[in-house]
Structure formats: C-alpha cells, structure tokens
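In what follows, a single structure is set out as structure tokens and then discussed.
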Amino acid sequence: MQYTMLFKPAAMYVYKLLGIHKSGIRLVIEHFTSLIPYIALCISLPNAPWKRRIIYLGYGLGIIILVHFILIIAISKVYSVYSGSETAYKFMVPMFILNDSLPLIIWFLFFYREIISLFKREKATASEHS
C-alpha cells in the first residue's frame with residue numbers, strides 16, 4: 001500500500017463534504033507526501049530538546065494537513081474552471097511546489113536556531129582541524 005493512499009479516504013470525504021467534483025483527486029493525491037519528510041526532519045535534528053521537537057512536530061503536522069485540505073479545494077476549483085488546459089497548470093504547479101516544499105519551510109521556521117547552530121559548530125570544527 002502506498003503512503004499516499006492513506007489520504008484518499010480523507011480526501012474523498014472532504015470532496016463530498018464540500019460538494020467538489022472528484023476529478024482532480026488524481027492530480028492532488030500524489031502530493032500528499034509531506035508528513036513523512038517533516039517527521040524525519042524533526043526527529044533527525046540532533047541538538048533540539050525532545051519536548052520541543054514533539055510540540056513542533058504536532059504543530060507542523062497540523063499545518064501540513066490543513067494545507068493538504070486547502071490544496072484539495074484550490075486544485076479542484078482551478079481544475080473545474082480551466083479543466084486540463086495550460087492555464088490550469090500555470091496555477092497548479094506553483095501550488096504543488098509550495099506544498100511539496102512545505103515540510104522544509106516549516107522545519108526551518110520552527111528550528112532555525114538549532115539549524116544555524118549546526119553550521120556554526122561545523123565551521124568551528126573545520127577551523128580547528130586546519
């Protein structure tokens with residue numbers, strides 16, 4: 001079973017709830033891969049306290065899920081107005097790029113101090129070895 005298939009029931013429910021035609025589901029479902037990279041980024045950061053990681057993990061997952069639902073609605077509206085035309089893709093591609101880069105953006109916003117300190121530590125270690 002693919003990871004993205006876990007979201008299909010939730011996506012179909014949102015479609016039905018909002019009265020949106022489900023023709024765009026095949027376009028959106030492949031972009032619901034943001035949760036696993038975000039979890040991996042939060043867990044792999046070596047110098048963040050675990051309590052803070054867990055709190056920001058919850059916030060980040062909530063934001064990502066909310067953006068997934070917004071993406072469903074936005075892509076469905078664009079797809080219903082422009083169908084499969086070139087104009088539709090001009091609107092949809094930036095939405096997909098933002099959605100796909102969201103884990104990295106949220107991770108950096110929540111953990112920027114720890115990320116920057118990693119680079120400072122690396123630079124200090126490199127200068128000691130020279």
Side-chain angles (χ1 to χ4, degrees):
M1 181 176 189
Q2 287 183 350
Y3 162 70
T4 56
M5 290 292 112
L6 295 173
F7 293 101
K8 192 169 184 174
M12 298 307 277
Y13 176 76
V14 170
Y15 272 111
K16 187 176 180 180
L17 186 71
L18 297 174
I20 297 172
H21 191 268
K22 58 184 177 181
S23 61
I25 189 72
R26 69 187 192 305
L27 297 171
V28 178
I29 199 76
E30 294 300 322
H31 293 274
F32 288 168
T33 57
S34 305
L35 296 176
I36 298 298
Y38 182 69
I39 293 168
L41 286 168
C42 289
I43 291 173
S44 67
L45 195 58
N47 58 343
W50 277 101
K51 183 178 179 182
R52 191 159 174 246
R53 288 185 209 191
I54 292 169
I55 290 170
Y56 286 143
L57 185 66
Y59 288 148
L61 292 176
I63 292 168
I64 290 169
I65 290 169
L66 178 65
V67 169
H68 284 171
F69 287 128
I70 292 170
L71 184 69
I72 290 170
I73 295 166
I75 294 298
S76 296
K77 294 296 181 184
V78 168
Y79 195 79
S80 68
V81 171
Y82 297 107
S83 297
S85 70
E86 184 178 327
T87 306
Y89 286 98
K90 286 180 181 178
F91 283 109
M92 289 189 291
V93 168
M95 288 186 238
F96 288 144
I97 291 171
L98 177 64
N99 179 70
D100 293 346
S101 62
L102 195 60
L104 193 61
I105 293 168
I106 293 172
W107 178 69
F108 186 77
L109 289 174
F110 284 158
F111 295 104
Y112 67 92
R113 287 185 205 105
E114 289 84 357
I115 296 166
I116 291 171
S117 73
L118 284 174
F119 289 108
K120 287 180 181 177
R121 185 172 27 171
E122 296 257 337
K123 188 176 179 182
T125 306
S127 65
E128 288 174 5
H129 291 297
S130 297

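All values reported here derive from a predicted model rather than from experimental measurement.
- To the nearest 0.5 Å, atoms OG (Ser117) and OH (Tyr112) are separated by 12.0 Å.
- Here the closest non-hydrogen pair linking Ser34 and His68 is OG-NE2, 3.6 Å.
- Put simply, Leu66 and Met95 are part of two different groups of oily side chains (I, L, V, M, F, W, Y) that touch within less than 4.5 Å, one to the next.
- Taking the six-membered ring where the residue is Trp, Tyr59 and Phe110 present tilted rings, their angle falling between 30° and 60°.
- With hydrophobic clusters built from ILVMFWY side chains whose heavy atoms lie under 4.5 angstrom apart, Ile55 shares a cluster with Ile115.
- For the pair Phe96 and Ile75, the minimum side-chain heavy-atom distance is below 4.5 Å.
- Phe69 and Ile64 end up in the same hydrophobic cluster when Ile, Leu, Val, Met, Phe, Trp and Tyr side chains are linked at under 4.5 Å.
- The closest side-chain heavy-atom distance from Val78 to Thr87 is not below 4.5 Å.
- Under the 4.5 Å side-chain heavy-atom criterion for ILVMFWY residues, no single connected hydrophobic cluster contains both Leu109 and Ile97.
- With rounding to the nearest 0.5 Å, the separation of CH2 in Trp107 from CG in Leu45 is 5.5 Å.
- The side-chain heavy atoms of Leu98 and Pro94, taken from C-beta on, include no pair separated by under 4.5 Å.
- Interatomic distance, Asn99 CG to Ile70 CD1, rounded to the nearest 0.5 Å: 10.5 Å.
- Under the side-chain contact (heavy atoms from CB on, under 4.5 Å) test applied with Tyr38, the options Leu61, Leu104, Ile63 reduce to a single match, Leu61.
- The hydrophobic clustering, which links ILVMFWY residues whose side-chain heavy atoms are closer than 4.5 Å, places Ile43 and Phe111 together.
- Once rounded to the nearest 0.5 Å, the distance linking CE of Met92 with OG of Ser76 reads 10.0 Å.
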